[in-house]
Amino acid sequence: MKDTDFKVIKGEVKERIDRWISHYPADQRQSAVMPALRIVQEVNGGYLTPELMDEVAAYLGMQPAAVYEVATFYSMYEHQPVGKHKICVCHNISCLLRDVDDLIEYLKEKLGVDIGEVTPDGRFSIKKVECLGACGEAPVAMIGKEYYGNLTRERLDELLESLE
Amino acid sequence: MASIPLNECCYRLNHLDKSWDIETYMANGGYEVWKKVLAGELTPQEIIDEVKASNIRGRGGAGFPTGLKWSFMNRYAPGPKYILCNSDEGEPGTFKDRDILRYNPHQLVEGMMIAGYVIGANTGYNYIRGEFWEPYKRFDQAVQQAYEAGLLGKNILGSGWDFDLYTHLGAGAYICGEETALIESIEGKKGQPRFKPPFPASFGLYGRPTTINNTETLASIPMILAKGGKWFADLGVPGAGGTKIFSVSGHVEKPGNYEIRMGTPFKDLLALAGGVWKGRKLKAVIPGGSSTAVLPAEKALEMNMDYDSIAKAGSFLGAGSVIIMDETTDMVKALDRLTWFYYEESCGQCTPCREGTGWMHRVVHRIYTGKGRPEDIDMLKDVSGKIMGRVICGLGDAAAIPVASFLEHFEHEFRHYIEHGCSIYDRA
Ligand SMILES: NC(=O)C1=CN([C@@H]2O[C@H](COP(=O)(O)OP(=O)(O)OC[C@H]3O[C@@H](n4cnc5c(N)ncnc54)[C@H](O)[C@@H]3O)[C@@H](O)[C@H]2O)C=CC1
Ligand SMILES: Cc1cc2nc3c(=O)[nH]c(=O)nc-3n(C[C@H](O)[C@H](O)[C@H](O)COP(=O)(O)O)c2cc1C
Ligand code: SF4
Ligand code: FES
């Protein structure tokens with residue numbers, strides 16, 4: 001692929017990826033595959049497509065299969081559309097002990113969707129995730145890049161309203 | 001309870017306004033050690049001797065002596081070498097490194113600079129788990145500030161020494177906290193652990209000699225060198241020097257991070273965390289993160305928070321992640337969730353781990369949903385025993401230990417589920 005053939009990795013996106021590439025030895029471009037996937041996923045509204053992964057492969061000089069392997073191994077990469085706000089609720093031990101199961105049921109009811117589904121207006125989707133490393137504030141959810149701790153039904157209500 | 005000294009090392013600045021700013025750090029002695037090192041007033045050998053004298057053991061969970069680990073590296077061997085920091089913090093119950101990154105990132109930056117100098121590495125990477133966006137931003141800002149202050153980069157302060165520091169962000173995978181999986185991940189691959197030996201000290205990042213330490217380990221180094229190895233050692237007990245951050249979560253009134261001295265009685269730590277919530281009684285404690293053995297209340301209440309004492313009680317200090325369970329806790333449900341976690345996070349390359357974690361979860365789940373069979377208990381004991389020691393990395397053992405220890409201490413709850421299809425509490 002020539003530079004002009006890249007549909008997504010150009011302009012500001014390219015600059016952002018190049019900054020990550022510059023952190024690794026010159027002959028180790030593939031070390032930037034994780035940030036590159038994160039960035040193209042972000043500009044694509046939160047999920048990856050085969051075309052995007054192929055572009056990353058071509059840009060970093062990797063085999064497409066090697067990029068697919070990485071993109072399916074790590075849980076933060078998505079391969080299906082997600083809500084504008086992806087609500088990642090931790091269901092691991094410390095959150096379990098502080099009643100997160102009740103919150104998950106409440107969230108499903110309130111939004112009318114199951115885990116992994118997107119609300120019809122495209123605003124929300126719910127995902128169960130493993131320990132977020134913030135168990136002192138259990139129960140915890142990550143929405144976008146932000147953490148929200150000490151969640152209760154009331155706090156969830158307020159939060160969902162505050163998110164466009 | 002006697003008054004307990006708090007926050008003497010990694011969290012010493014956390015109470016200050018903008019504790020993460022370079023100005024705050026430098027106003028409190030920050031980067032003084034680094035300047036001494038660059039001026040040649042502290043040689044690599046002297047640093048290793050102090051770190052050995054401090055008796056600090058790796059805070060990532062395995063407790064390997066840090067001074068000894070650093071001495072495996074030949075600083076003068078030609079070619080690139082690397083210092084890596086492990087901020088992947090994924091062990092359920094652990095959340096201490098996050099607060100170092102958020103509130104005292106400069107102390108970690110300084111620790112990485114010093115460690116890099118000692119082992120002869122001109123490049124360092126801090127591997128931060130992908131979910132930690134805010135902590136990553138704080139750390140990254142600290143790195144930029146250190147560059148601007150001329151403390152990082154080429155020919156630092158005219159010393160002739162070069163050191164560059166970067167962050168690598170993960171993307172959601174517990175296994176990447178295992179040091180060789182972490183290395184694979186920085187190399188742009190999926191995070192599958194490598195066989196050890198060779199240890200990273202001889203074959204690490206890009207095949208080069210590499211030292212990897214936990215965030216808390218590295219952030220302790222500037223204080224050890226500023227106040228002396230003996231100062232640090234004396235804070236703790238003979239088998240374990242220093243302070244240690246304990247992350248307390250679960251059924252307590254005040255969950256949170258408590259940086260206290262090694263050897264502090266568990267009872268005092270529990271009291272610091274406000275005691276068991278809702279006035280209830282203590283039932284069980286997981287002292288070192290989900291991969292360490294659960295202990296019944298009686299044993300936990302007798303132990304002190306150091307390696308030897310917790311080992312004597314039958315568990316492990318691990319990453320210092322204390323999970324508290326009150327008298328209403330359904331142990332079958334708790335184990336159901338933990339077995340799911342290890343099944344979900346196994347990287348799949350060893351058959352005993354891949355198959356065993358799935359098997360253990362299916363059987364525990366069957367018991368939890370009321371479909372257990374009497375022979376299931378023996379089967380669980382058998383499967384957990386067959387994983388331990390037969391796999392590439394520590395995740396296999398980590399998955400087996402909860403199963404074995406929950407059954408050792410709470411087998412009657414599993415039997416009750418099998419006989420009655422519900423928890424012991426549902427019958428009351
Ligand atoms: N902080 C967290 O989020 C988590 C922590 N853990 C902890 O991790 C621990 C297991 O860690 P591992 O790295 O598998 O333990 P390990 O015992 O294999 O290694 C510990 C450290 O010592 C070094 N080392 C050990 N023997 C060596 C030798 N002969 N030569 C050179 N270097 C040597 C290793 O390279 C490593 O850095 C568990 O005990 C668990 O508590 C587990 C999961 C998550
Ligand atoms: C499955 C697994 C996950 C691990 N996760 C972490 C982690 O998140 N953070 C960490 O510091 N060590 C983790 N470790 C331990 C590392 O392999 C390694 O021992 C540690 O980073 C060495 O640093 P230390 O000597 O300073 O403790 C993990 C080990 C295993 C087996
Ligand atoms: S023990 Fe499990 S997680 Fe570790 S390498 Fe083997 S399969 Fe992967
Ligand atoms: S168990 Fe939920 S954040 Fe750790």
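To find a chain, count down the sequence lines: A is the first, B the second, and so on, and within it residues start at 1. The basis for the numbers below is simple: all heavy atoms, side chains too, and nothing from hydrogens, waters or symmetry mates.
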Donor-acceptor contact present, side-chain [X] to main-chain [Y], <3.5 Å:
X	Y	answer
A/R98	B/H251	no
A/Q30	B/E187	yes
B/S249	A/G136	no

Residue [X] versus chain B: region with a heavy atom under 4.5 Å:
X	result
A/A66	neither
A/E137	side chain
A/N150	neither

Contacting moiety of [X], where chain A heavy atoms sit under 4.5 Å:
X	result
B/Y82	side chain
B/T94	backbone
B/K96	neither
B/I324	backbone
B/Y174	neither
B/L338	side chain

Drop me the distance from [X]'s [atom1] to [Y]'s [atom2], to the nearest 0.5 angstrom.
X	Y	atom1	atom2	result
B/Y166	A/W20	OH	CH2	12.0 Å
B/F341	A/L96	CZ	CG	13.5 Å
B/E91	A/C135	CD	SG	9.5 Å
A/H23	B/D164	NE2	CG	9.5 Å
B/E134	A/K145	CD	NZ	13.0 Å
A/D101	B/R337	CG	CZ	4.5 Å

Heavy-atom pair count under 4.5 Å with chain A, highest-scoring of [options]:
options	answer
B/G250, B/C176, B/A173	B/G250
B/A273, B/S185, B/C347	B/S185
B/P92, B/G256, B/G170	B/P92
B/K189, B/Q192, B/E89	B/K189

How close do [X] and [Y] get, counting heavy atoms only, and between which atoms?
X	Y	value
B/L169	A/M34	O-CE, 3.6 Å
B/K190	A/V70	N-CG2, 3.9 Å
B/G191	A/Y74	N-OH, 3.3 Å
B/R98	A/Y147	NH2-CD2, 3.6 Å
A/C131	B/G93	SG-N, 3.9 Å
B/R129	A/L132	NH1-C, 3.4 Å

With a 4.5 Å limit on heavy-atom distance, are the side chains of A/C88 and B/E131 in contact?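 Side chain of A/C88 against side chain of B/E131, heavy atoms only: no contact under 4.5 Å found.
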If you define the side chain from C-beta out and look only at heavy atoms, does anything of A/I93 sit under 4.5 Å from B/M325? yes
Can B/L205 and A/Q28 be said to form a side-chain contact (heavy atoms from CB on, under 4.5 Å), step by step? CA-CA 11 Å; B/L205 181 61; A/Q28 303 288 352; over 6 Å; no
Ring-plane angle category for A/H91 and B/W340, please: parallel below 30°, perpendicular beyond 60°, tilted otherwise.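 Perpendicular.
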Please indicate whether B/E253 has more than 12 foreign heavy atoms, meaning atoms of other residues, nucleotides or ligands, lying under 6.0 Å from its CD. yes
Between A/Y24 and B/H168, do the side chains contain a donor N or O and an acceptor N or O under 3.5 Å apart?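 Yes.
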Largest heavy-atom contact set with chain B, pairs under 4.5 Å, which of A/P25, A/A32, A/C95, A/A71: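 Ranked by contacts with chain B, first place is A/P25.
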